[in-house]
Amino acid sequence: MNAQVETKPHPRIEATNDFVVKFANVNGSGSASANELFARAILRMGVPVSPRNIFPSNIQGLPTWYEVRISERGWLGRRGGVDLMVAMNPQTWDADLKEIEPGGYLFYDSTRPLPASKFRDDIHVIGMPLTAICNRTYADARQRQLFKNIMYLGALSILLDIDAREIKRLFAEQYKGKEKLLDSNVQALELGREYAAQHLDPIGLHVQRADNVGDKIFVDGNVAAALGCVYGGATVCAWYPITPSSSLAEAFQKYCMKYRVDPETGRNRFAIVQAEDEIASIGMCVGAGWNGARAFTTTAGPGISLMNEFIGLAYFAEIPVTIIDVQRGGPSTGMPTRTQQSDVLACAYASHGDTKHVLLLPEDPHECFEFSAQAFDLADRLQTPIFVLTDLDIGMNQRLTAPFAWNDARDYDRGKVMTAAELEAGKDFGRYKDVDGDGIPYRTYPGTHAERGAYFTRGTSRDPYARYSERGPDYVYNMERLLRKWDTAKSLVPQPILRGTGGEAHDGVIYYGSTSPSMSEAIELLGKQSLVLDTLRVRAFPFPDSVGEFIRQHERVFVVEQNRDGQLRTLLINEFGIDPARLVAILHYDGTPITARFIAGAIAAQMQPAKAKENAA
């Protein structure tokens, strides 16, 4: 069956280095490798890409998608809409067709003819008999499936002007020393290219070499956070496997084998334990932190639920521990392979009683590296659990980001630790005594002094010298001291980033984490409608006073987040006593990463009526 680009009355989309391609595949079909090669080849041509893998929580058989944002300008968030759909999954055909922009393109396997009713009359259809070509070429069923993916990669390289040399270089790197596999993949690529060159007409989407990648690196947030833990001095990791955080612990082990093995003795200078469950893993980390090690666990929402009692112990007994939560859709099992910012409240107030926990909110892999390293300093300085809240979108999707800064001479901030010499000199040691007015007491490491500096670690109430006490004044002293420590933390955590309009905007917007890439583009889209906003990206909790000031300076503030209940908005109202009516929730929670068009559309719907009244006046 010869297939051509069908001519439709709707004008076709014309774009160079600025379009969205989405692959619709079946999980377990081997498509992931080919789709990633597609993204990496364009990246090698100097054009920024931002791919996102949307996959099911089973091994094979269910639908999976791979969406690639190609943007020479460097937009890294999802835009919304699809310009070229590569539809390889009959199960999702109808839904996939609906996503294509008018004038966009549909590429599909045309081996089996489909009725006209299965298409849209405002898109341009590109049919290629992939299965028929594979059946003619390969006898083995698995080869037919795998090489069909490489074949459509070859066809796309012709249609989009992707340099095939870059794909072949990637093949050479992937199959180094495996020439047989290298040759067979190159052959399949060429089969696709030859067919496309001979039978398919050019389309309006093109990749053109550019120079807009520079020294940026291409890495996912879990790997970045793992390396940040190494850089931050972590030597203990106890964890239990859970999507989407497991690859973080696995990457930490890989980097420890490289950087934490004594070169002379060959002995490991780290301990990694895959515990029997999340409760055991956090217990091990709390114990290691009490003993002076820098320890962390990595988990997701269900793990946080199980860890609450130990988190409360670490908070009240004031033991340093770092918890990296790669958030996913909840509650309960929820959507294990979908993204959400769903654990903000669960982590901020984890455990029973009056607790408040420090949250770090990275926007990308670069901040995953930085904040993970910083978390250990904060945990030691503040003697408390520190949460790094990333999510599946950041954690499991590769992103272009600035290189990591690594300083071998970096000093760790171990906080207030009383030494043997100070104890020997008779310095007063009260484990829970505030001597500096910042709420942070001194601690000692086990075995610091043979006779002095010991104390009983307990989760019960006590006096400033760690002696058991049920006296109301002792309990109140301790709880108020913890609040002073909380206030101290405001100046130590990463500060928010403000982008103002010089007083032009009456409204503002607050956002955080993985919403950031799409927000940047959304602000530009709103500007094209003459809708201007000041923006504030919150990077940590407790909120510095500047966050409250930002809210007070604006008539209305939109709070954009990826959960149903507006969890950051709730925190803002609770912490600042803000009138809820002044904070307008913009919420996206279907499990897919938020898009620039969604943000811009939701905010514009709120702002345009007021803008119309202003213009009329």
TODO: Enumerate the residue pairs fulfilling ring pair (Phe, Tyr, Trp, His ring centres under 6.0 Å) with a member in residues 561-597, sequence neighbours excluded, ordered by first and then second residue.
DONE: F543-F576, H588-F598
TODO: From the options Y66, F38, F23, select the one residue that forms a side-chain contact (heavy atoms from CB on, under 4.5 Å) with P51.
DONE: Y66
- [ ] Using the salt bridge (Lys or Arg N to Asp or Glu O under 4.0 Å) rule, collect all pairs that involve residues 584-609, keeping only residues at least two apart or in two chains.
- [x] E101-R597
TODO: Search all heavy atoms of T64 against all heavy atoms of V26 and return the closest pair with its distance.
DONE: CG2-C, 3.8 Å
Task: Selection residues 297-349 - residue pairs positive for ring pair (Phe, Tyr, Trp, His ring centres under 6.0 Å), sequence neighbours left out - done: Y315-H357
Open item on the list: Closer than 3.5 angstrom, by distance alone: can the side chain of T488 be matched with the main-chain N or O of D438 as a donor-acceptor pair?
Closed with: yes
Open item on the list: Tell me the closest heavy-atom pair linking A24 and M85, and the distance in Å.
Closed with: CB-SD, 4.3 Å
TODO: Examine distances only and state if a side-chain atom of D391 and a backbone atom of D393 form a donor-acceptor pair shorter than 3.5 Å.
DONE: yes
Task: Which residues share a side chain to side chain contact (heavy atoms under 4.5 Å, CB included) with E278, sequence neighbours left out - done: Y240, I242, S281, T299, L306, M307
TODO: Given ring-ring contact (aromatic ring centres under 6.0 Å, His included), test F252 with F270 step by step and report yes or no.
DONE: CA-CA 10 Å; F252 179 72; F270 63 90; 7.2 Å; no
- [ ] Report the residues that fulfil salt bridge (charged side-chain N to carboxylate O under 4.0 Å, His left out) with D94, sequence neighbours left out, ordered by chain and then residue number.
- [x] K118
Open item on the list: Can you list everything that forms a side chain to side chain contact (heavy atoms under 4.5 Å, CB included) with E67? Sequence neighbours excluded, please.
Closed with: V20, K22, R78
TODO: Would you check if F558 and Y511 make a side-chain contact, meaning some heavy-atom pair closer than 4.5 Å?
DONE: no
Open item on the list: In terms of relative ring orientation, are F404 and F369 parallel, tilted or perpendicular, with 30° and 60° separating the classes?
Closed with: parallel
Task: T501 (side chain) donor-acceptor with A505 (main chain) under 3.5 angstrom - done: yes
Task: N53 backbone acceptor or donor facing N397 side chain under 3.5 Å - done: yes
Open item on the list: If only side-chain N and O atoms count, and only distance matters, is there a donor-acceptor pair under 3.5 Å linking N222 with S247?
Closed with: yes
Open item on the list: Salt bridge or not between R40 and E36? Use side-chain N to carboxylate O under 4.0 Å.
Closed with: yes
Open item on the list: Is there a side-chain contact between T515 and I599 in this structure, where contact means two heavy atoms from C-beta onward sitting under 4.5 Å apart?
Closed with: yes
Open item on the list: Any donor-acceptor pair under 3.5 Å linking the side-chain atoms of Q562 with those of S514?
Closed with: yes
- [ ] Using a 4.5 Å cut-off on heavy atoms from C-beta on, say whether the side chain of F387 contacts that of V358.
- [x] no
TODO: Without swapping roles, check the side chain of R552 against the backbone of I578 for a donor-acceptor pair under 3.5 Å.
DONE: no
TODO: Indicate yes or no for a side-chain donor-acceptor contact from Q383 to the backbone of I319 under 3.5 Å, with no hydrogens or angles considered.
DONE: no
Task: Sidechain-backbone polar pair: H366 side chain, A402 backbone, donor-acceptor under 3.5 Å - done: yes
Task: Heavy-atom side-chain proximity of I523 to T535 below 4.5 angstrom - done: yes
Open item on the list: Could you walk me through whether T595 and R79 satisfy the side-chain contact (heavy atoms from CB on, under 4.5 Å) test, starting with their C-alpha distance in whole Å, then the side-chain angles of each, then the deciding distance to 0.1 Å, before giving a yes or no?
Closed with: CA-CA 5 Å; T595 70; R79 184 198 68 189; over 6 Å; no
Open item on the list: Can you list everything that forms a salt bridge (charged side-chain N to carboxylate O under 4.0 Å, His left out) with R564? Sequence neighbours excluded, please.
Closed with: none
- [ ] Begin with the C-alpha distance, continue with both residues' side-chain angles, and end with the deciding distance and a verdict on side-chain contact (heavy atoms from CB on, under 4.5 Å) for I272 and V236.
- [x] CA-CA 6 Å; I272 300 175; V236 176; over 6 Å; no
TODO: Could you verify whether a donor N or O on one side chain and an acceptor N or O on the other, from W75 and S520, lie under 3.5 Å apart?
DONE: no
- [ ] Consider only side-chain N and O atoms of N35 and N25, and report whether a donor and an acceptor are under 3.5 Å apart.
- [x] yes
Task: Side-chain H-bond candidate by donor/acceptor type, T92 with D96, under 3.5 Å - done: yes
TODO: Check the pair I594 / V560 against side-chain contact (heavy atoms from CB on, under 4.5 Å), numbers first and verdict last.
DONE: CA-CA 10 Å; I594 197 167; V560 183; 3.8 Å; yes
Task: Salt bridge flag under 4.0 Å for residues K485 and E318 - done: yes
Open item on the list: Please determine whether salt bridge (charged side-chain N to carboxylate O under 4.0 Å, His left out) holds for the pair E363 and R539, giving the CA-CA distance in whole Å, both sets of side-chain angles, and the decisive distance to 0.1 Å.
Closed with: CA-CA 8 Å; E363 69 165 346; R539 301 200 295 163; over 6 Å; no
Open item on the list: Just to verify, what does E561 make a side chain to side chain contact (heavy atoms under 4.5 Å, CB included) with, not counting sequence neighbours?
Closed with: Q341, Y512, V559, N563, Q567, L568, R569, L587
- [ ] Quick one: closest heavy-atom pair of N149 and S31, and the distance?
- [x] ND2-N, 3.4 Å
TODO: Specify the closest pair of heavy atoms between G221 and C368, including all atoms of both residues, with the distance to one decimal.
DONE: O-CB, 3.7 Å
Task: Pairing residues for R582 by the salt bridge (charged side-chain N to carboxylate O under 4.0 Å, His left out) criterion, not counting sequence neighbours - done: none
Open item on the list: Salt bridge check, D487 against K490: does any charged N sit closer than 4.0 Å to a carboxylate O?
Closed with: yes
Open item on the list: Taking salt bridge (Lys or Arg N to Asp or Glu O under 4.0 Å) as the cut-off, I'd like each qualifying pair that reaches into residues 293-310, sequence neighbours left out, listed once.
Closed with: R294-D377, R294-D380
- [ ] Take I324 and T297 through the test side-chain contact (heavy atoms from CB on, under 4.5 Å) and record every step on the way to the result.
- [x] CA-CA 6 Å; I324 303 177; T297 187; over 6 Å; no
TODO: Keeping the roles fixed (side chain from R399, backbone from D220), state whether a donor-acceptor pair exists under 3.5 Å.
DONE: no
- [ ] Indicate whether any N or O donor in one side chain lies under 3.5 Å from an N or O acceptor in the other, for R52 and S50.
- [x] yes
TODO: Could you check if a side-chain atom of L533 sits within less than 4.5 angstrom of a side-chain atom of M607, using non-hydrogen atoms only?
DONE: yes
Open item on the list: Once salt bridge (Lys or Arg N to Asp or Glu O under 4.0 Å) is applied, what residue pairs with a partner in residues 327-356 remain, sequence neighbours excluded?
Closed with: K356-E575
Open item on the list: Holding to side chain to side chain contact (heavy atoms under 4.5 Å, CB included), I want the full list of residues that pass it with A604, two or more places apart in sequence or in another chain.
Closed with: L526, Q529, L531, Q608
